[in-house]
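Just so you know, these numbers come straight off a predicted model, no measurement behind them. Chain naming here is simple, since letters A, B, ... match the order of the sequence lines and numbering starts at 1 in each.
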There are 2 protein chains.
Amino acid sequence: MDVAREVGVHVGTVSRALNPATRSRVNAETAARIIDVARRLGYEVNIAGRALRTQRTQTIGALIPDLTNPLFPRIVRGVEDSLEKAGYTALIASTDNNAQRERRMIAALLSRQVDGFLIASARLEDQALEEIAQDGVPVVVLNRTSANARTSAVIADDPQGIADVMAHLVALGHERIAHVAGPGDTSTGQARLLAFEAALDRYGLKHRSELVVRAEAYSIAAGTRCMRDLFKRGKPFTAVVAGNDLLALGVLDALKENRIPCPERVSVVGFNDIDFAERMSPALTTVRVPTYELGARGAELLLDMIYREREISTVTLPVTLMIRESTAPPPLQGTGLFGL
Amino acid sequence: MDVAREVGVHVGTVSRALNPATRSRVNAETAARIIDVARRLGYEVNIAGRALRTQRTQTIGALIPDLTNPLFPRIVRGVEDSLEKAGYTALIASTDNNAQRERRMIAALLSRQVDGFLIASARLEDQALEEIAQDGVPVVVLNRTSANARTSAVIADDPQGIADVMAHLVALGHERIAHVAGPGDTSTGQARLLAFEAALDRYGLKHRSELVVRAEAYSIAAGTRCMRDLFKRGKPFTAVVAGNDLLALGVLDALKENRIPCPERVSVVGFNDIDFAERMSPALTTVRVPTYELGARGAELLLDMIYREREISTVTLPVTLMIRESTAPPPLQGTGLFGL
DNA sequence: CTGTTAGCGCGTTCAT
DNA sequence: ATGAACGCGCTAACAG
């Protein structure tokens with residue numbers, strides 16, 4: 001270490017002087033000199049070396065299903081900001097919600113000795129996740145719950161969001177409401193479907209299984225496919241609650257295919273309030289999820305687990321219904337879809 | 001290393017067996033046994049340890065201005081896919097095109113001994129970049145050029161894109177075309193402005209400095225501000241070429257504020273063809289940039305530089321004009337903006 | 001307060 | 001083909 005040579009002290013002293021936590025144990029004056037020389041020489045600690053010794057890489061792994069879904073960049077941003085305060089950095093990996101790719105990425109991150117994992121992948125029953133937690137590496141899941149008792153979670157209040165949506169639709173006069181549910185193996189898909197059914201009960205609306213379709217993925221294409229399915233069944237409806245915004249966009253596409261105007265004949269609502277949702281045509285009514293906070297809180301929780309071995313916890317963030325152009329009162333009787 | 005103990009060989013042998021590059025130098029049978037045991041024990045090489053020895057972390061740093069701009073997730077995706085093939089991983093950092101944050105991130109990445117940098121930050125005169133290259137760490141810049149002779153670059157064919165845009169507008173009959181240019185300290189901002197002016201000459205159109213405004217950032221808000229500026233100047237125009245899609249969205253907002261219909265009275269065109277551009281209202285006419293390829297090629301170039309100390313090069317990718325709803329013929333004389 | 005020593009996990013070199 | 005020894009950069013622990 002040439003800083004040591006330059007100042008004329010031992011490397012150990014330099015190490016202590018440069019680490020804020022141990023700086024107090026070295027003469028203030030020499031410390032100042034060391035810091036000065038280090039800066040002048042452009043010295044940066046080698047985190048790989050430190051990691052070898054401390055077993056801490058100051059790096060966490062973030063598993064994101066798809067950065068292309070506007071939901072996630074905001075989450076990542078929250079994560080980054082929280083981590084940076086602690087001198088941490090995130091290694092980001094896209095998984096496509098593909099189990100195999102997920103395993104590969106986890107292996108890659110594990111071999112880089114990440115200090116913890118932030119997992120926004122939606123799949124419910126990850127044995128991969130199980131393995132990590134068993135290894136003793138802290139895990140926080142984002143925007144999903146986990147069956148695993150050893151992971152913390154930060155989630156949005158999905159039941160409340162769906163409840164707000166349903167209250168809005170019922171207030172507008174809708175009675176035949178369809179649901180394009182998210183994938184069954186995701187916790188959000190399940191939670192939102194449950195909340196949908198609970199709302200049906202609350203308002204004394206009939207459960208019609210023909211009005212519920214499950215998407216196989218959270219994507220625009222899947223939303224369109226589900227909607228085509230719904231049309232084939234030929235059962236009347238005046239509103240569609242989509243599992244998330246991408247599904248809602250797919251629903252709108254299918255509506256357009258069939259020249260069914262939204263919101264005049266069918267209302268559509270999404271979930272998440274992705275960027276640009278308000279600029280779509282029609283501007284999408286949806287539930288805003290505080291994505292930045294979701295990431296920020298998740299990162300804080302993880303740092304807590306790393307440093308203070310804090311107990312496991314689940315944080316639920318409030319959501320807000322954003323009413324825009326894609327919802328309106330249902331058409332008059334006799335003028336609706338399928339002669340409703 | 002407990003794998004060694006389990007198999008009954010020396011750690012050196014295990015190391016050789018587990019490293020594909022040196023596997024040939026060990027008995028095939030023992031190698032197989034070692035690999036088997038390693039898998040059974042869930043052993044993963046510690047990249048930090050290897051890095052210390054080899055000075056290679058198999059990790060590169062990616063500086064992205066803003067993941068929230070839909071342009072970048074696609075680039076990142078291309079980067080990831082190319083890197084993964086080589087066993088590399090990307091450390092992603094958002095910079096906000098903020099010089100100070102950029103330095104902090106570079107320091108953080110440098111201390112993690114990244115093997116190279118992929119820089120999509122747009123700012124032109126980075127001394128930070130200069131320093132990195134001087135350190136001998138390979139750098140590839142993405143979607144921008146660099147004054148630095150030691151960095152490779154992958155860029156889109158901006159001049160061609162703007163030329164196509166102008167040909168389209170002129171063919172529609174536009175003669176008074178405004179330009180909301182990108183920031184002057186970005187290479188894209190400069191290149192597109194130059195191409196805009198060249199096209200003016202090509203079609204014998206007058207240069208009107210009052211019809212050119214410079215944005216201070218690539219953002220929606222900046223686009224709106226520029227447009228308000230343009231209105232204040234009171235000079236007539238029938239089309240606006242925006243420096244990128246976000247600026248174009250800001251331009252559309254300003255038009256809406258003033259109840260000026262697009263494309264009936266003013267045509268607007270963007271650049272990049274971000275996701276959802278075709279779902280906006282009106283659907284945005286813009287220039288598609290092959291973002292995934294941009295990232296993928298950039299990563300390949302960087303790996304080449306790391307492994308083969310390849311010479312510096314610049315790759316230019318072709319672009320495509322996407323004609324949608326935001327462009328149309330100009331209004332008839334006398335009905336246009338400012339009495340045009 | 002500071003110097004010394006040892007060892008984190010790996011790859012390399014030299015010996016066998 | 002394999003074992004032994006060393007050192008990469010750093011910090012914890014101990015000695016002074």
> Counting only side-chain N and O atoms of A/R50, is one of them less than 4.0 Å from OP1 or OP2 of D/dG9?
Replying inline: no

>> Among residues at least two apart in sequence or on other chains, which ones pass side chain to side chain donor-acceptor pair (under 3.5 Å) with A/R103?
In response: A/E131

> With B/R74, which residues qualify under side chain to side chain contact (heavy atoms under 4.5 Å, CB included), at least two apart?
Replying inline: A/T68, B/D275, B/T291

>> Checking B/R77 now: which residues fulfil side chain to side chain donor-acceptor pair (under 3.5 Å) with it, not counting sequence neighbours?
In response: A/D96

>> When you compare the side chains of A/Y218 and A/D66, does any donor N or O come within less than 3.5 Å of an acceptor on the partner?
In response: no

>> Is there a side-chain contact between A/Q55 and the phosphate of C/dG9, meaning an N or O under 4.0 Å from OP1 or OP2?
In response: yes

> Closest to the A/Y43 side chain: C/dC10, D/dC10, C/dG9?
Replying inline: D/dC10

>> I'd like to compare against my own output: the B/S/- annotation of nucleotides 1-6 of chain C with a strict under-4.0 Å heavy-atom distance to protein.
In response: SBBBBB

> Considering residues at least two apart in sequence or located in another chain, which fulfil the side chain to side chain contact (heavy atoms under 4.5 Å, CB included) criterion with A/E29?
Replying inline: A/N27

> Can you find a side chain N or O atom of B/S15 that sits less than 4.0 Å from OP1 or OP2 on C/dG11?
Replying inline: yes

>> Taking side chain to side chain donor-acceptor pair (under 3.5 Å) as the definition, give me every residue that meets it alongside A/T186, ordered by chain and number, with sequence neighbours left out.
In response: none

> Of all residues at least two apart in sequence or in a different chain, which pass the side chain to side chain donor-acceptor pair (under 3.5 Å) check with B/R112?
Replying inline: A/T59, A/T89

> With B/R23, which residues qualify under salt bridge (charged side-chain N to carboxylate O under 4.0 Å, His left out), at least two apart?
Replying inline: none

> Can you tell me how far P of C/dG9 sits from CZ of B/R56, to the nearest Å?
Replying inline: 24 Å

> In degrees, rounded to 10°, what is the bend between the two ends of the helix from C/dC1-D/dG16 to C/dT16-D/dA1, using five pairs at each?
Replying inline: 40°

